[in-house]
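To start, the structure itself, in structure tokens.
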Amino acid sequence: MRRDPSILHVDLDAMFAAVEQRDKVSLRGKPVVVGGVAGRGVVATASYEARAFGVHSAMPMARARRLAPLNTAFLSPRFAAYKRTSEVVMRLLSEVSPLVEQVSIDEAYVDLAVTGNDLSVPGVIELARRLKAEIAVVTGGVTGSIGAASSKLLAKIGSDLNKPDGLTVIPPGEELAFLHPLPVSRLGGVGPATEQRLHRSGVRSVGDLAGVSLDLLVDWFGTAHGTGLFRLARAQDDRPVVSDREAKSVSAEETFEVDVTDPVRLKRELDLLAARVVGRLRSGGLAGRTVNIKVRHGDFTTVTRAVTRDHPTDDGRLVAQLARRLLAEVDTSGGIRLLGVGVSTLADFAQDDLFTAARAEQQGDLFTAARAADVEGFAPDAELVTEPPETGADSPAPVVESPPGPAEVTGPAVVAGPAVVAGPVVWRPGQDVRHEELGAGWVQGSGLGRVTVRFEGPRRPSGPVRTFAVDDPGLRPADPPDWTVP
């Protein structure tokens, strides 16, 4: 740990919902739930007005609809809008310190030790208050909570304690006094299964955990996890703030309304997912050697398969072929709830051995290395939650699905080789649109060949609500609105 509270953890409050309320003036002060709006979707973010009714992240959307009041807005995510807001905040943080470690779209660590700022407790408090005010200004009203401490562990815990719009500064020398009264679930390495195991042994607070010997923790949880818990309970965290984090994988997932058993449809879905992944690889100038698939059955049993090639690739046809061969190893007869494709072992160039690839295709074997089987999941890299965490898993991360790109806005598609042919128009609730006469608005809902739009914006008062045919030539998808004040 450091001698001063020089590490900040900045966490935007209910970011997705806050951006929706900023861009849709009629939703301000009302409950908003963002996530997969279909039957098996889950909540990505709930506004604090919705949380008052018990709605929270990773909750099945069906349950959220039962808990939330009738005036709740249930919206599909608009990743482009969230990304723009995130970029504005990260630029602001980079003006505070050259060492900024962005850990997700809505949170980052900031190292003040490399700056000339006053690192006393009053000095850090003043800086953090000023930073919070600037975040609200540059984002058009989205607030952030900040924790400041001598380590990343304590800074992150601090940012979460007084949400929303909170500030917690932990003075040096008071780390254990701050940490030990907290429940063990506040520690990053304690998920539901670990928490239950600790509770059965009478360990409920971090202070209780600090009283358990290292040998006993290793006996309960194994060497790595047990040693980690031992260190966390003593606030032992010397991790540095590391900027320029590189992507480790690119992936896309799809959760089905009804478990899918049709092999033809599963192959088609793999092709679509592979096309999305490759599109993202190419947009980032990346290629990868390892192709992964993820299969979740109806009982939530999850199986993954992976194959690593000699050379990185960004070839969509090759990724799809490898994914299909991996899927052939998995029993799908009982129905598939979720399907995912990922590419990892990334590089910033692709140098395929075309002769090797062609020969392997002729031989019907594109595998050039051993497969990794039954490894739980591959790293998510987008923000749309579509499944709840695994029951009993430690520190469960939400399963995520890459949001649709521009080619997917028009809905279902049929894949013929590398080409994607658009199908009927599908309007998603919350989607940005523009009408040639009425201007900018957003989709309130659609169905039975109709789409209802409310015309308003972040700098435009709530306007009329109109219903159109889904194929109305005057209505088209639009980019997120500009929230900045001229």
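Predicted model only: the values in this text are computed from it and were never measured. Values reported hereafter were calculated over all heavy atoms of this structure, with side chains retained and with hydrogens, waters and symmetry mates removed.
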R428 versus S446, side-chain donor and acceptor atoms under 3.5 Å
no

Residue set satisfying salt bridge (charged side-chain N to carboxylate O under 4.0 Å, His left out) with E107, at least two apart, ordered chain then number -> K156

With sequence neighbours left out, write down each residue that passes side-chain hydrogen bond (donor to acceptor under 3.5 Å, both in side chains) with R434, or none if nothing qualifies.
none

With a distance cut-off below 6.0 Å to the six-membered ring centre and an angular limit of 45° from the axis, does R337 pair with F256 as a cation-pi contact?
no

Would you list the atom pairs, donor with acceptor, under 3.5 Å between side chains in residues 54-64 and any protein atom, with sequence neighbours excluded?
residue: S57; atom: OG; partner: A44; partner atom: O; Å: 3.1

So, T452 and T467: side-chain donor and acceptor under 3.5 Å apart, yes or no?
yes

Assign the ring pair Y82 / F16 to parallel, tilted or perpendicular, where the plane angle (0 to 90°) is split at 30° and 60°.
parallel

Please determine whether a side-chain nitrogen of the Lys or Arg among E254 and R276 lies less than 4.0 Å from a carboxylate oxygen of the Asp or Glu.
yes

How long is the gap from CG on L272 to CG on L339, to the nearest 0.5 Å?
10.5 Å

Holding to side-chain hydrogen bond (donor to acceptor under 3.5 Å, both in side chains), I want the full list of residues that pass it with D479, two or more places apart in sequence or in another chain.
none

Side chains of T345 and T290: is there a donor and an acceptor less than 3.5 Å apart?
yes

Note: R476-E436 ion pair, threshold 4.0 Å (strictly below):
no

Measure the spacing between CH2 of W442 and NZ of K24 and express it to the nearest 0.5 Å.
6.0 Å

All pairs passing salt bridge (charged side-chain N to carboxylate O under 4.0 Å, His left out) where residues 73-86 contributes a residue, at least two apart:
E20-R78, D23-R78, R78-D432

S145 and D13: side-chain donor and acceptor closer than 3.5 Å?
yes

Sidechain N-carboxylate O distance under 4.0 Å for E49, K30:
no

So, D310 and R289, do they make that salt bridge, N to O below 4.0 Å?
no

Which residues pass the side-chain hydrogen bond (donor to acceptor under 3.5 Å, both in side chains) test with D111, sequence neighbours left out?
R2

